[in-house]
Every structure is written in C-alpha cells, then in structure tokens.
Amino acid sequence: MSGSNPHIAIIPNAGMGNLIPFFRLASVLLSNNCKVTLITGKPITSMAEANHLNFFLTKHPKITHLEYQILPPEPNSKADPFFLQYNAVRRSTHLIHPLLRSTTFSTIICSFLGCGTIPRFAVEIGVPCYVFNLSSTKFFSFMMHLPAILKDPEISDKKKNSSFLEVPGLAPFDMSSIPGAFLNPKHLMAVDAMVNAKACLEATGIITNSFEWLEPETFSALNSGKVIGGTLPPVLPIGPLEWYEVEEDQTDCVAWLDNQPHESVVFVNFGSRTPMSSDQIREMGKGLERSGSRFLWVLKTTIIDKDEDRQEDVLGVSFLDRTKEKGLVLRKWVNQQEVLSHPSIGLFVSHCGWSSSTEAALRGIPLLGWPQLGDHSVNAEVVEKAGLGKLARSWGFGLERLVDGEEIAAKIMEMMGDGKLRSSAKKVKEEAMKATEPGGSSHRTIMKIVGS
Ligand code: UDP
Ligand code: UDP
C-alpha cells in the first residue's frame, strides 16, 4: 500500500455491460483518493471493449492495468462469441490469483459473473473482498436461491406447467421471466450461477449497482437471510454509479438531437450484444413510422462489432426517404449516456440490460422494456414496479414471436402520451440522486469500502 491510501484491485468479467460499471466504480474510487489496479483478461472480444478500455486508461493514467492471458475458448463455433469469452474468463479465474498476491491490496472487488475462486483466495491472503453484482438485485436474489431451486428434480417441468417461482421473502417471480437455461442444472449458466452463489458466502460483502429505494423488499429479504435461509454477507447498494467521461460521441446524433423539441424523441437501443432479426427490423421500422414520433434508432444486425450490410439493404431506400425528416438510424456505437442526458429524449425502448436500466433511472427517462435474454425480463419488472417504465409483456421474451409494427406503434404512442409515467420516472431520478449524494445509501457503501 502506498501511504495510507487504500489500494483496490477491481476485476471485471468480459463485455461492455460488465466493463462500463467497473470503469464507473474505478472513477468513483479514484475521486475518493484510492489507488486502483484494474485486472482484465486478454484477448478481448469486441472493438467496443478494446476502444473503451484504451480510452479509459488514457484518461486515467494513475490506474495500474494488469492483464492475464485467458485460456483458449472451448471449441464451439455455434455459440455467441460473448458467451464463449465469458466461459473462457470463468475457466481462467485461477490465473488471477498470482496477480492478487503480487501486490498488497487493501480490498478486492470482483464481478459476480465468474467470481468463482476469488472470494476464497481473498480469505487465504487476508484481504477483504466484495463481489459486485451488475444485474438487478432482484435477479441476484434469484441466483442466490438457485442452488435450492435446482434441488427440485422436477424444476424443468415446473417451468412448463407453473406460472410462478417462489424465492423466500420476495413476491413470486413470473416463471416466464426466468430463462430456461437457469432451470437446467446441466446448463453452464446454471452451473456457473450456483458456483458464484456459493462463492459469495465467503465474501466480505456484495455490492450491487442499484439503490435501496428502487428495490426495498429485495434488499430487506437478502439482508434478513430469508432468500438463502441463512446468513449472507451484507448486500449493499452502490448505484446508480455515476458516469465517467467517455469518448465524445463519434456520430452526428447529438447535433441531430439538438434540433429536436423537448422530450419528443424515441430512442431505440438494445445494448452492446443484441442484434435484431431482419423481419423484426422491418416491423420496428413500421412501428416507429406509424407512431408519428421522432426517433433515434441504433440498429444492430450482428452480435459483435462490424455490420457489413448497407443501411438501405436492411431498411429499404423508401423507408429511409419517408422518415428522413423525423428519424435518424445509426449502425454505430453511440455514446448512450450522452444521448440519455439530452433533453429531447422522451422515451427509451430498451432490452433492459441492467446498465441501460440504471442509466435511464439516473436521468428519469421513461423506459419501454422489451427483454431479449438473461436477466432482462426480471430487470424490466423492477423498472416497471418502480414507475420508471413499462414492460411490453405481450411481446414475449427475445425471439419468442415477431412483434407487429402496429403493436409497436400503439405502445409507443401510449407511452409518449403518458404524463403520469413521465412524472414517476422523474421521481425515480430524484431518488437515484439522493442515494448517491453524501448521506445517501449508495454513497455510504462507497465510504465503507474506501475506509476498509
Ligand atoms: N452502450 C452505449 N452505446 C451503444 C450501446 C451500448 O454506450 O451503442 C452502453 C450502454 O450505455 C450500457 C452498456 O453499453 O452502459 C450496455 O450494457 P447493458 O447492461 O445495458 O446491456 P448489454 O450490452 O450488456 O446487453
Ligand atoms: N458494435 C458491436 N458490438 C460492440 C460495439 C460495436 O456490434 O460491442 C458494432 C456497432 O453496432 C457497429 C459496428 O460495430 O455496427 C461499428 O462499431 P464502431 O463504430 O465502434 O467501429 P469502427 O467503425 O469505429 O471500426
């Protein structure tokens, strides 16, 4: 340790939804006079990750960056490249141990995803270790209860036949919001969640990119031991994490937004790794056009990086021509935090990745949730319950069904005209800000970590 400044090692897993909150955490720690060492695996999967990592390190030269070579991915050419990477990082956790021994850290913070052996190793070397949950706390509570859920040999059948899933201390989960992979004890997602849930028991605490006001019953159920039927390390809110400076938007979207009226634009963006099928793109285009709203649509047709197709091949020249006065379609990475801060944004159509959901909360932007995979559906329920947005339940989960343009138009018009929702979303913003201000629950967690 240098002087009395705490030296904190932070260990994200792969993917933008993981890196961005860790970068935000790092900048909060730096502004509280901590030394920060960032530990990442290489190689990295996407251009977005490589670009953001480089930019972040350039802007924060005080951060020490340590890398470890991850094991080669298991051959499975059909799997999503982000999934392969996540699995490779998960299998490589032991390669982080020597790096954690190489310096005297005062605290270790690792991602829940793939945390595996790290909390136990931290106990061995006598360093406090926090596990960072990047999903909604509600989804985290489901994962913590998963070992008990999967003891039921008939759970897969229950997925087919029951509408609800019980997690003690919480209102029942809608069974349709839980992806089948988590209820199959042989699936990697379920296996890894169970390993990580067990690993959490050895951590000093769990931190979660959420705030008490947003998920009060969940924090209370976890912290009273109801969820796992025993004592869990304290589950502490830390969010929504404040934004750090990211590279200025490289597209022309901010200039375009500057010319749009207050709260008039529907912003459509499904995160860093969720493409849309060509049929659904056609219906989405129809929906946006029929809604009569202005729109900024970040269109993604591939899971990872480059979209090779030309705009007109995907959407048709006539669509682009008809909507050019009202809409802007981009096929690039946009600076989403800058877009969501723009006063012209009136609605965010989102897959409900948790980072996107917390960004909407911090800016009080009403969110139309259209979950695509993983935790999205449970996250969308949290968003809806808090009054930040609505979950488009009848649209199904991911590719379950093709959603018709007329339905999309009707939902957008309903939500753009919903003054009550606009006010309740602003209330969420006020509460989010209170949580992160001095004295707020999330601020207190940061002070606790910095002091440890
Ligand atoms: N993001 C962005 N620009 C884009 C797409 C995504 O800045 O064009 C950011 C977004 O603001 C969020 C993160 O990437 O911080 C995506 O994380 P999230 O958990 O919402 O979804 P994921 O990409 O993991 O599905
Ligand atoms: N992109 C992606 N995943 C990411 C980041 C970007 O699929 O994690 C896509 C993005 O939607 C766009 C393309 O990559 O289609 C180009 O991204 P970017 O502008 O970052 O790359 P560049 O054109 O600068 O090489």
Side-chain angles (χ1 to χ4, degrees), residues 12-27 45-53 55-56 80-83 85-86 111-114 132-136 139-140 179 208-210 239-254 257 267-276 296-307 328-342 345 348-363 365 367-380 382-383 388-389 397-398:
N13 197 283
M16 290 305 289
N18 217 278
L19 282 186
I20 290 180
F22 266 92
F23 291 166
R24 290 179 180 157
L25 175 64
S27 59
T45 311
S46 70
M47 291 271 287
E49 289 163 279
N51 291 344
H52 279 73
L53 182 59
F55 183 82
F56 184 73
D80 157 357
F82 285 111
F83 185 79
Q85 177 82 351
Y86 149 70
S111 158
F112 174 80
L113 267 189
F132 189 7
N133 166 55
L134 303 167
S135 184
S136 56
F139 195 76
F140 173 76
T208 169
N209 189 16
S210 187
L241 282 165
E242 282 296 343
W243 299 346
Y244 67 94
E245 192 183 344
V246 295
E247 205 165 355
E248 234 173 70
D249 196 88
Q250 304 294 314
T251 70
D252 44 7
C253 76
V254 175
L257 290 172
F267 173 49
V268 184
N269 196 358
F270 279 44
S272 64
R273 49 176 296 181
T274 308
M276 205 177 253
L296 168 60
W297 180 9
V298 181
L299 174 57
K300 203 164 156 49
T301 54
T302 54
I303 293 180
I304 185 166
D305 292 334
K306 296 285 175 209
D307 280 344
L328 180 64
V329 182
L330 293 171
R331 312 281 303 283
K332 285 184 169 287
W333 185 264
V334 300
N335 182 338
Q336 179 168 295
Q337 64 183 37
E338 204 174 332
V339 170
L340 288 174
S341 307
H342 199 282
I345 300 297
F348 180 19
V349 182
S350 166
H351 64 319
C352 284
W354 190 244
S355 291
S356 292
S357 307
T358 56
E359 288 160 14
L362 199 52
R363 288 296 173 265
I365 305 292
L367 189 153
L368 167 53
W370 188 355
Q372 299 296 309
L373 52 93
D375 59 347
H376 302 167
S377 204
V378 172
N379 297 347
V382 173
V383 162
L388 178 62
F397 201 165

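Just so it is clear, the structure is predicted and the values come from calculations on it, not from any experiment. Each ligand, and each atom within it, is numbered from 1 in the order the structure gives.
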Sub-4.5 Å side-chain heavy-atom contact between [X] and [Y]:
{"X": "Leu53", "Y": "Phe23", "result": "yes"}
{"X": "Pro275", "Y": "Thr302", "result": "no"}
{"X": "Ser46", "Y": "Phe82", "result": "yes"}
{"X": "Phe139", "Y": "Trp354", "result": "no"}
{"X": "Ser356", "Y": "Gln336", "result": "yes"}

| request: Mind listing the closest non-hydrogen atom pair of Gly271 and Lys300 along with its distance? | output: O-CD, 3.8 Å
| Out of Leu362, Thr358, Asn209, which one pairs with Leu241 under the side-chain contact (heavy atoms from CB on, under 4.5 Å) rule? | Asn209
Looking at ligand 1, does any of its N/O atoms fall within less than 3.5 Å of an N/O of [X]?
{"X": "Val334", "result": "yes"}
{"X": "Asn269", "result": "yes"}
{"X": "Glu359", "result": "yes"}
{"X": "Lys332", "result": "no"}
{"X": "Ser355", "result": "yes"}

With heavy-atom distances below 4.0 Å as the criterion, list the atoms of ligand 1 near [X].
{"X": "Ile20", "value": "9 (C), 13 (C), 14 (O), 15 (O)"}
{"X": "Trp354", "value": "19 (O)"}
{"X": "Gly353", "value": "18 (P), 19 (O), 20 (O), 21 (O)"}

| message | Please tell me whether Ser135 and Asp375 have a donor and an acceptor in their side chains that are separated by less than 3.5 angstrom. | response | yes
| query | In terms of side-chain heavy atoms, does Asn379 have a donor or acceptor partner in Ser357 at a distance below 3.5 Å? | reply | no
Taking [atom] as the reference point, the nearest protein heavy atom with its distance:
{"atom": "atom 6 (C) of ligand 1", "value": "Trp333 CH2, 3.4 Å"}
{"atom": "atom 21 (O) of ligand 1", "value": "His351 NE2, 3.1 Å"}
{"atom": "atom 23 (O) of ligand 1", "value": "Ser272 OG, 2.5 Å"}
{"atom": "atom 24 (O) of ligand 1", "value": "Gly17 CA, 3.5 Å"}
{"atom": "atom 20 (O) of ligand 1", "value": "Ser356 OG, 2.6 Å"}

